Amino acid sequence: MSTRQMELEVMRYDPEQDKAPYFQKYSVPCEDDWAILDAINYVKENIDTTLAYRWSCHMMVCGSCGMMVNGEPSLTCKTFIRDLPDRVRIEPLENFPIERDLVVVLDDVMEKLRMAKPFIIRKDDPPPEDREYTQSRANLYKFKQYTMCINCMCCYAACPQYALDKSFIGPAVLALAHRYNIDSRDQGKSERLNILADHDGVWECSFVGACSEVCPKSVDPAAAVQQMKIDGAKEWWKQKLGGGKS
Amino acid sequence: METIHADIVIVGAGGAGLRASIEIAQSNPELKVALISKVYPMRSHTCAAEGGAAGVKGADDSQEMHFNDTVSGGDWLCDQEVVEYFVSQAARELVQLEHWGCPWSREDDGSVAVRPFGGMKKKRTWYAADKSGFHILHTLFQTSLQFPTIQRFDEFFAIDLLHKNGKCRGVVAMEMRSGRFFSFQAPVVIMASGGGGQCFPFTTNGAIKTGDGMAMAYRAGVPLKDMEFVQYHPTGLPGTGILLTEGCRGEGGILVNKNGYRYLQDYGMGPETPIGEPVLKTMELGPRDRLSQAFWHEQKKGNTVETPWGDCVLLDMRHLGEKKINERLPLVRELASSYVGHDPVTDPVPVRPVIHFMMGGIDSNINGETPMPGLYAIGETACSGLHGANRLGSNSLTDLLVSGKRSAERAAAYAKEAGQREDDPFITAQAEAVVTWVRELLQQSGGDESIARIRREMKTTLEEGAGIYRDEEGTSASCQKVAELRERYKTIEVHDKSNVFNTDLQQALELRNLLDVAETVAEASLERRESRGAHQRLDYTERDDENFLKHSLAFRQADGRPRIEWLDVTITRSQPGVRDYSGSKDK
Amino acid sequence: MAIAKKAFVWGLFAAGGTLTAFVFPVLIALFLLVALGKVPEGLQFENIHAFATSWVGKTGLFIVISLSLWHAAHRLRVVFHDFGVRMDNLVANAVYLVALIGTVMTAFYLYKI
Amino acid sequence: MSRQPYIRPVSKTTWYMRNGRYRKYMLREVTCLLVGVYCFLTIWVLAILASGSQEHWNAFLVSQQSPSVVAFHAIALIYFLVYQTFDWFKLAPKAMPVQLGEKKMPDRFIVIAHYAAWAVISLFVFWLAGVI
Ligand SMILES: Cc1cc2nc3c(=O)[nH]c(=O)nc-3n(C[C@H](O)[C@H](O)[C@H](O)COP(=O)(O)OP(=O)(O)OC[C@H]3O[C@@H](n4cnc5c(N)ncnc54)[C@H](O)[C@@H]3O)c2cc1C
Ligand code: SF4
Ligand code: F3S
Ligand code: FES
């Protein structure tokens, strides 16, 4: 296997030393089959142990390693150097405060996640005893796609409406709420809509669609949000006409 | 340093820690739970599990059969009362998960689907395509969000346990984002910190699996049990060590050597079964230890395929067809295509055995209790005696749930009895001492040892001395090497002096834990002079029930190498027998 | 918390958007034909007048124009926001008012035809 | 203690210059101006019709015949097609997915259905207007 010398421009920021972030260059001999995360790991192991970033699984599933790679929100263990030019710029995910180097502060989204009530809500009967709910594959496949979100937050880094207004709940969390709304086992849809179709909820999305374009797991949050808007509009009429409880 | 009081501290928010925290919050809302995790809960390595979770489902299956598979799969080193309890609770826990919204794959009639798995006589592995662990973890995490009594401390790195008079009293942790230290004081600590596969060079385990909990308990005087049993998974992607789930073979994938020959039939797992019609508990559906060992022999015979990443065999799934692969193994397809450039729909995929799971861990029992009152251990970090000498695939995820719930019940009762306590100056001083040590580690400079180098050497020596096959000479060399590395560790330099998100410091602390774990693995491997399950000795090739139907216990010594003691295995109904994977008697 | 009024406005926006996507190209094309001097038969005074007098024609025209106006108004509100104008209430009132005026004018003229 | 998260500034007025994806979005959004223009043009037409005078109508038709008006309509038509009609059809399957048993109907079918409906509607209007 051959190696290729790549130039990494990595954004650095140590709040105890620096007033503002700056770029540092590293030259890394990369193997052909590396992901950009491997190159960053190489830096950490062999060149500069002070570089701070998050990663764990190296298999596109833990969601830790989201960063901006040449301006695009990317999962670095899924972004291969074979697809990149010789110079690569690596920055922390946009739209989040930078804690240190490539590590961003995620408090805001974590709090929103709780707000969205991403768990099964039952109103009427309790679940069947000692037995699973019956659920058709048709229903499963309806929401399955939205369960694939690994919370990598790339979509938040891509969404300009979140950039402009941090009170917007944002793509991944809304997609997750929608996933529960359309799960046949759940009865919490109107409860969730009352929160998420309020001012800062789905309506702040102007369907830029960037979230879905960058999503490394093909979750398509943009679709979920639009569907939720339709649900929200229906629910509004239902409540106005006295049909639905609020 | 700040002090936080809680009724129960849980270290680890993977499958086990989350299940336990939900149980406590649901049944004992008056108890305050502090859930500490060094990564956000959904980043925990449970998310990487692909294949599924075992629990009796079909009408033709029984708990008895699940019990027998587990015990023989574990080469009779299982504590049988633990296995009995486990199989009795398995299905119930998986149903509970379904009620919480887990997107299990479904049969035509809308019931949950099950798939075959290695070493299991019946189809009983519940799965969610090939992202079972991921969905389990996210379901648990999301479910946990509804309980206000679970207070989370995300990205807090637990460093050491606090204890007094032999009783556990809490844990010291560092908040990564600020570098501040906290002493969590509580009568109960539940250790759910996962495995330590990172002490080996080539592993399916994520970077966070550094055996921290095991090492913390070990340093606090609690023995580590059965550490010599480390599972190799037969089908890892070369280079990265990424796992291709056993589900690949469960669905009908076959393993061939460079001649296209299904070599497993030469290693007691034949006769050959027709391609595309996998037969349970034979050939490709034999247990992991046997399959990995067969690879080793093929490699010695020169029958493996040479690849840029070393010797491999081929996992052929082409006959499954694109539709089935997309439906049941989409992640496998994505991983194999992206990381080694082989699409399983069109090409056989090169694979090789890879370190996957630690059967051993903190000595605990059916209730998660350890020898130290107030300290509980669950999940992969614990060794309750469930997995014996070789874990069957898909028993571990279920164990997270079963042991998580059970230990939570016990721990809650214990915590209520112990009651809330005042600040204890003794405990505070103990915590201060830990912090002082860490601060000194951070300040010390001028040493020429690098964290990366020691880590690399540790990994190499452990693979050499405690790999698929072991012998006296190689293993004792490893023991010495690890001891030497522990000495050299004392002069490492942490170059990053910042307080904020200091991953250099974190890696230094993790390396300390890895070295402790590595040492117990090597020493226990040396002392077990027999071959059993995942522990295979070239110089003691037979199982020796007379002398070694026992758990090993590694105790830390104040200085020098650990002391190994032995503990009898609990046998209730199944006497040691022959592990038969020829498929003959089941027909 | 409750579902915001935006649900209602958005409903009209979405309906209007769909309508514009389907009918505006042909509408613009007709204007283009006129501009090119190729006035089609249907746009001769009698024909178009007859069409606008019929109930079907009246209803159709009203729906298309009013919903399209709402669509445009709502999107314009977002455009203002996207260009950095942050007096959302003022903007909203203004654009919806214009849409309302247009709608009333449409109704008025249609009624008079 | 020593935390001091750094917040990168985002321009509220020029943020869309950052990448092509955003610029395309903005180009789509401003189609609303065209919609407004044509709505009011049509209202003007209605006003003329409401006057009931054929002369006014014919005068209006003549007044429309100039190269600049032609150019305006032609550009508007292309712009509108690209940034509103085609875009709307492309995105429609996201907002309204169709589930057929276990399968989602492929997006392409929904998009094709939209184009088909669009063709029918356009032909119908042309027929009404006597263009064909
Ligand atoms: C690739 C792969 C596939 C697998 N597939 C299967 C399968 O199909 N079926 C099956 O049954 N099993 C499978 N396993 C095994 C199973 O997934 C694991 O054993 C199990 O998930 C471990 O769960 P856990 O809760 O014990 O630990 P983890 O999920 O690893 O969680 C550990 C937690 O502890 C925290 N932690 C660790 N150290 C510290 C510290 N110092 N301070 C604070 N917090 C800390 C971490 O942040 C994390 O939250 C698989 C394992 C791997 C690696
Ligand atoms: S929706 Fe996609 S991009 Fe957004 S957090 Fe989830 S996986 Fe990441
Ligand atoms: S990018 Fe943002 S605006 Fe909506 S469609 Fe996606 S959430
Ligand atoms: S490291 Fe886990 S998703 Fe990249």
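Given the structure is predicted, the values throughout are model-derived calculations rather than measurements. Throughout, protein chains are lettered first and strands after them, A, B, ... in sequence-line order, and every chain is numbered starting at 1.
Heavy atoms of V208(A) lying under 4.5 Å from chain D belong to its backbone as well as its side chain. With a threshold of 4.5 angstrom between heavy atoms, A20(A) approaches chain D through its backbone and through its side chain. For chain D, no part of S136(A) is nearby; none of its heavy atoms comes within less than 4.5 Å. With a 4.5 angstrom heavy-atom cutoff, K229(A) does not touch chain D via any of its atoms. Looking at Y6(D), both its backbone and its side chain come within 4.5 Å of chain A, counting heavy atoms on both sides. Proximity to chain D (any heavy atom under 4.5 Å) is shown, for L164(A), by both the backbone and the side chain. If you measure heavy-atom distances from K104(D) to chain A, the contacts under 4.5 Å come from the side chain alone. At a 4.5 Å heavy-atom cutoff, the contact between E94(A) and chain D is made by backbone and side-chain atoms alike.
Taking chain D as the reference chain and counting heavy-atom pairs below 4.5 Å, the highest number among A224(A), S212(A), S206(A), G209(A) is found for S206(A). In terms of non-hydrogen atom pairs under 4.5 Å with chain D, the most contact-rich of P160(A), G71(A), A158(A), A163(A) is P160(A). Listed options Q226(A), R137(A), E72(A), K19(A) were ranked by heavy-atom pairs under 4.5 angstrom with chain D; first place goes to R137(A).
Under the 4.0 Å criterion applied to side-chain N and carboxylate O atoms, D231(A) and R192(A) are not assigned as salt-bridge partners.
Side-chain atoms of W15(D) and M26(D), non-hydrogen and from C-beta on, do get closer than 4.5 Å to each other.
Near-neighbour residues of residues 87-103 of chain D relative to chain A, defined by a heavy atom under 4.5 Å from a heavy atom of that chain, comprise L91(D), K94(D), A95(D), M96(D), P97(D), Q99(D), G101(D), E102(D).
Dense packing is recorded around CZ of F23(A), with more than 12 heavy atoms of other residues, nucleotides or ligands lying under 6.0 Å away.
In this model, no donor atom of one side chain and acceptor atom of the other lie less than 3.5 Å apart for S11(D) and R18(D). A donor atom on one side chain and an acceptor atom on the other are found under 3.5 Å apart for Q239(A) and N194(A). No hydrogens or angles considered: nothing links the side chains of Y133(A) and D183(A) as a donor-acceptor pair under 3.5 Å.
Geometric assessment of K144(A) against the ring of Y146(A) yields a negative cation-pi assignment under the 6.0 Å and 45° thresholds.
Partner of F168(A) under the side-chain contact (heavy atoms from CB on, under 4.5 Å) criterion, out of Q161(A), K112(A), H199(A): Q161(A) alone.
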Point to revise | Worked verdict on Y38(D) versus H73(D) for ring pair (Phe, Tyr, Trp, His ring centres under 6.0 Å) | key: CA-CA 10 Å; Y38(D) 282 95; H73(D) 288 314; 5.6 Å; yes
Exercise for review: List the steps and the verdict of side-chain contact (heavy atoms from CB on, under 4.5 Å) for I169(A) and E204(A).
Suggested key: CA-CA 8 Å; I169(A) 294 173; E204(A) 292 298 305; over 6 Å; no
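Between Y162(A) and Y156(A), the two ring planes are perpendicular [angle over 60°; tilted spans 30° to 60°].
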